[in-house]
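The structure displayed is predicted, hence computed values, not measured ones. Side chains included, hydrogens not; waters and symmetry mates left out as well; all remaining heavy atoms used.
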Amino acid sequence: MATVDLNLVRVLGALLDERHLTRAGKRLGLTQSATSHALGRLRRLFGDPLFVRTSRGLDPTARAQELAEPVREAMRALDRCFRAEEPFVAASAARSFSVAAADYGSFVLAPKLLERLEREAPNVDLWLRPVDASFAEQLARGDADVAVAPARSDELPAGIRSRPLYRERFVCLVRKGHPLVKKGIDLASWTSMRHVLIAPRGAPGGVVDEALAQLGKRRRVALAVPHFLLAPHVVAGSDLVVTVGARVAEAFAEILPVRVVDPPVKLPGFEVRMYWHERHHRDPAQQWFRDAVREAAG
DNA sequence: GGGCGGCACAGTTATACTGA
DNA sequence: TCAGTATAACTGTGCCGCCC
């Protein structure tokens, strides 16, 4: 291969198609003479005349006919290599995209994302996966196309890109008719209540405990759960209170006997971001999907 | 590292050759 | 005679080795 001029593959391909030296040359942007020289080099390379003269042009030898299909296949492969990147056509695409997200993120995004897929990309499937604490490695391994997670305070690892999806505020969720919650919830009632702590990684503490600590207060965590979506069900059937993102709370208030109230202390909200790997950054299909996720989050 | 000369090679023009 | 291919002579370009 090191000594083979791959331009000769183009010449051989054109000669096999045209069976006419002058026309083959024109097709390649060469003069008849240059094409004849190239044919001479091909003849030396293969040790075979490859084409014999006729009144109409050139007829391929048995060896040239033998080469026809491999040459065409090579041309097709090269064409695929050098062809400009094709745009992503959602309507005809048949593939899947995967999102790594906590159940909270999936709950917020999946319904609207699916709605868009059904509308614009009926043969595109969606795979939701649990998000790892080290989602950058998940993305680097190719286990997910995008990850949806709260913004990180530390610097992103090399090769990971991100963009904000939405900001979320915290609200409290209690059962309807809760004896301690009338119009709203005051600090004394709140600290006397039993709380549900959502701890995806199983670690104690969180934004509520930090805010209470600043006031010299504490709360009792009666139940710690690893999933966001379990907490509203627990609250609906007990006197427990849970502090969760407003999107989840408001959605469950429509389907469970629970009500949303503002917490009695100021809690900092949080930003949810979408993360993806650098190698997918310019991929038209991935760009389309990230746009769909952004729209679903909006 | 840059300039220079020699060399190889692809391509061009002009022309010779071939077969119907 | 004509359409088409092959070839001689030449040109332009790129590579390589040598020298400074």
**Student:** Measure from CG on A:Leu58 to C1' on B:dT18 and round the result to the nearest Å.
**Tutor:** 12 Å
**Student:** How many Å lie between CG on A:Leu30 and C1' on B:dT13, as a whole number?
**Tutor:** 15 Å
**Student:** Under 4.0 Å from OP1 or OP2 of C:dT5: is there any side-chain N or O of A:Thr35 that close?
**Tutor:** no
**Student:** Quick one about A:Arg219 and A:Thr191 (side-chain donor to acceptor, distance below 3.5 Å, no hydrogens or angles considered), yes or no?
**Tutor:** no
**Student:** Quickly work out the A:Gln32 CD to C:dA8 C1' distance and round it to whole Å.
**Tutor:** 13 Å
**Student:** Take the protein atom CZ of A:Arg23 and the nucleotide atom C1' of C:dA3, then report the distance between them rounded to whole Å.
**Tutor:** 11 Å
**Student:** Can you find an N or O donor on one side and an acceptor on the other, under 3.5 Å apart, linking the side chain of A:Ser36 with the base of C:dT5?
**Tutor:** no
**Student:** Return the value, rounded to whole Å, for the distance between atom NZ of A:Lys26 and atom P of C:dG4.
**Tutor:** 9 Å
**Student:** Hey, does the side chain of A:His20 come within less than 4.0 Å of C:dG4's phosphate (OP1/OP2), counting only N and O?
**Tutor:** yes
**Student:** So that I can tick it off, tell me whether A:Asp291 and A:Arg163 are bridged by a salt bridge, with the cut-off set at under 4.0 angstrom between side-chain N and carboxylate O.
**Tutor:** no
**Student:** Is there, by distance only and without an angle test, a donor paired with an acceptor across the side chain of A:His37 and the base of B:dT12 below 3.5 Å?
**Tutor:** yes
**Student:** Figure out the CG/P separation between A:Leu42 and C:dT5, and round it to whole Å.
**Tutor:** 15 Å
**Student:** Between C:dT5 atom P and A:Asp59 atom CG, what is the distance in whole Å?
**Tutor:** 11 Å
**Student:** Decide yes or no for A:Arg152 and A:Phe135: does some side-chain heavy atom of the first lie under 4.5 Å from some side-chain heavy atom of the second?
**Tutor:** yes
**Student:** Verify the contact: side-chain N or O of A:Thr31 to OP1 or OP2 of B:dG11, cut-off strictly under 4.0 Å; return yes or no.
**Tutor:** no
**Student:** Is the shortest side-chain N/O distance from A:Arg41 to OP1 or OP2 of B:dG11 below 4.0 Å?
**Tutor:** yes
**Student:** With hydrogens left out and only the distance checked, is there a donor-acceptor pair under 3.5 Å joining A:Arg53's side chain and the base of B:dG19?
**Tutor:** no
**Student:** A:Asn7 CG to B:dA10 P: how many Å, rounded?
**Tutor:** 9 Å
**Student:** Between A:Glu118 and A:Arg116, does at least one N-O distance fall below 4.0 Å, as a salt bridge requires?
**Tutor:** no
**Student:** Does A:Arg218, at its CZ atom, have more than 12 non-hydrogen atoms belonging to other residues, nucleotides or ligands within less than 6.0 Å?
**Tutor:** no
**Student:** Base, sugar-phosphate, or nothing: which does A:Arg43 touch, judged by heavy atoms less than 4.0 Å apart?
**Tutor:** sugar-phosphate
